[in-house]
Amino acid sequence: MPLDFCHPEAPHKKLRMPEWFVSSLMMDRALDAVVRRVKHLDRKHDIPYLAGYSLDGNTIYIDRHMPQSFKFRGRVIETDRFLLLHEEVEKTLIDRLGLHYLHAHQIATRAEQAAVRAAGISWRAYDRFMQKNVKRDGDERLSKVPADLDIKPYRDEHDFDLLRRMMAAVEKGHLPSTRGKAAVRRAIEKAMLHVEVHRGEKAFPAAKRRRKRVIAK
């Protein structure tokens, strides 16, 4: 596994550099430390949403068709290490602290963003590259999924999709005769906003309009 260490010698030597550069360097060192602790990396399977982990956390899976690098401003950027960071942080928060997937995913994504930016890479360029290679649930290319893949993230991911389907049903008039359409819509929008905060998803326009009144920016 290419680790691309930036500090092959004297990794803990105190450096006389501007604080912003030291912070970036320390983030890179932290990323290296996490990568070293990955017990097993598997790139032989089809994985929804690019990467995942085994039930016991001993294996990190990266989709077999996911390119290992992309070019950014003349540089070859190896991406496995950033995906490994995300999955290790997410799995640890879920298993060790008992966090809900949506919460753990947000923290892991922030860590991934920090590592990407510390490496001098545009997050927008990095994320654009990732989105081009995503296999979503129901994708025909998901033909070789590992038996021990932890499906909790995908199950929790459907919470938001379920709310979308519920809202669509309400708009079509499919709701209990004892409840008003406006009341049901407000209840669903409230739930969607809660999920949106912890997942970064865009809710329906009506829910989005209420955002300023519900969430302090």
Side-chain angles (χ1 to χ4, degrees), residues 1-8 11 15 17-38 41-53 60-93 101-142 153-154 156-157 160-161 195-203 208 211 215 217:
M1 181 193 311
L3 300 181
D4 190 27
F5 294 144
C6 68
H7 51 90
L15 304 175
M17 300 178 182
E19 180 60 29
W20 65 267
F21 185 82
V22 173
S23 296
S24 294
L25 179 61
M26 291 306 296
M27 185 65 212
D28 191 75
R29 291 179 176 179
L31 175 55
D32 288 345
V34 172
V35 170
R36 288 194 191 99
R37 286 164 174 74
V38 175
L41 169 61
D42 182 303
R43 266 184 155 273
K44 300 178 181 179
H45 294 83
D46 297 315
I47 308 298
Y49 304 101
L50 297 179
Y53 31 76
I60 299 297
Y61 292 105
I62 295 179
D63 188 83
R64 59 178 173 160
H65 298 118
M66 174 67 188
Q68 296 186 38
S69 65
F70 74 103
K71 289 186 178 181
F72 175 71
R73 295 179 180 174
R75 298 166 55 193
V76 176
I77 308 300
E78 295 177 347
T79 58
D80 280 12
R81 59 205 305 259
F82 301 118
L83 291 173
L84 290 173
L85 172 67
H86 182 113
E87 301 305 321
E88 283 286 355
V89 169
E90 185 176 284
K91 179 65 170 174
T92 299
L93 291 173
Y101 161 73
L102 296 175
H103 298 179
H105 175 72
Q106 278 294 305
I107 296 173
T109 299
R110 295 299 188 271
E112 184 181 4
Q113 287 180 340
V116 167
R117 288 169 175 158
I121 305 164
S122 161
W123 173 256
R124 180 174 296 180
Y126 171 86
D127 187 56
R128 186 185 306 118
F129 169 73
M130 291 294 171
Q131 293 304 320
K132 288 180 180 178
N133 295 282
V134 168
K135 293 177 182 175
R136 305 185 187 281
D137 292 348
D139 194 314
E140 293 181 356
R141 294 173 295 171
L142 293 173
Y154 313 112
D156 290 347
E157 191 82 10
F160 200 77
D161 294 333
V195 174
E196 180 185 0
V197 170
H198 299 293
R199 177 179 165 185
E201 287 284 353
K202 296 299 182 182
K208 186 176 181 181
R211 185 173 184 178
I215 307 168
K217 290 189 175 181

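Only heavy atoms go into these numbers, but all of them, side chains included; no hydrogens, no water, no symmetry mates. Here, residue 1 is the first one in the sequence, and each next residue gets the next number.
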Distance-only check: which donor-acceptor pairs under 3.5 Å involve side-chain atoms of residues 111-123, not counting sequence neighbours?
{"residue": "Glu112", "atom": "OE1", "partner": "His86", "partner atom": "ND1", "Å": "2.8"}
{"residue": "Glu112", "atom": "OE2", "partner": "Tyr126", "partner atom": "OH", "Å": "2.6"}
{"residue": "Ser122", "atom": "OG", "partner": "Arg124", "partner atom": "N", "Å": "3.3"}
{"residue": "Ser122", "atom": "OG", "partner": "Ala125", "partner atom": "N", "Å": "3.3"}

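For the atom pair CD of Glu87 and CZ of Phe82, the computed distance is 14.5 Å after rounding to the nearest 0.5 Å. Here CG of Leu83 is found 9.5 Å from CG of Leu41. Values are rounded to the nearest 0.5 Å. Of the inter-residue distances, the one linking Arg43 atom CZ with Arg64 atom CZ reads 12.0 Å to the nearest 0.5 angstrom. His105 contributes atom NE2, which lies 6.5 Å from atom CD of Glu90 (distance to the nearest 0.5 angstrom). For the atom pair CG (Asp80) and CD (Gln68), the distance works out to 5.0 Å, reported to the nearest 0.5 Å. How far OH of Tyr49 is from CD of Gln131: 10.0 Å, rounded to the nearest 0.5 Å.
Summarising the geometry of Asn133 relative to Leu50, their closest heavy-atom pair is O-CD2, 3.2 Å, with the distance given to 0.1 Å. Closest of all the heavy-atom pairs between Ala104 and Leu93 is CB-CB, 3.9 Å.
Arg128 is linked by a salt bridge (Lys or Arg N to Asp or Glu O under 4.0 Å) to nothing, counting only residues two or more places apart in sequence or in another chain. Shown here are the ring pair (Phe, Tyr, Trp, His ring centres under 6.0 Å) partners of Tyr53, two or more places apart in sequence or in another chain: there are none.
Proximity of Asp46 to Asp63: side-chain heavy atoms (C-beta onward) are separated by under 4.5 Å at one or more points. Using a 4.5 Å heavy-atom threshold, the side chains of Arg36 and Asp32 count as touching. Using a 4.5 Å heavy-atom threshold, the side chains of Val35 and Glu88 count as separate. Looking at Met66 and Phe129, their side chains come closer than 4.5 Å, going by heavy atoms from C-beta outward.
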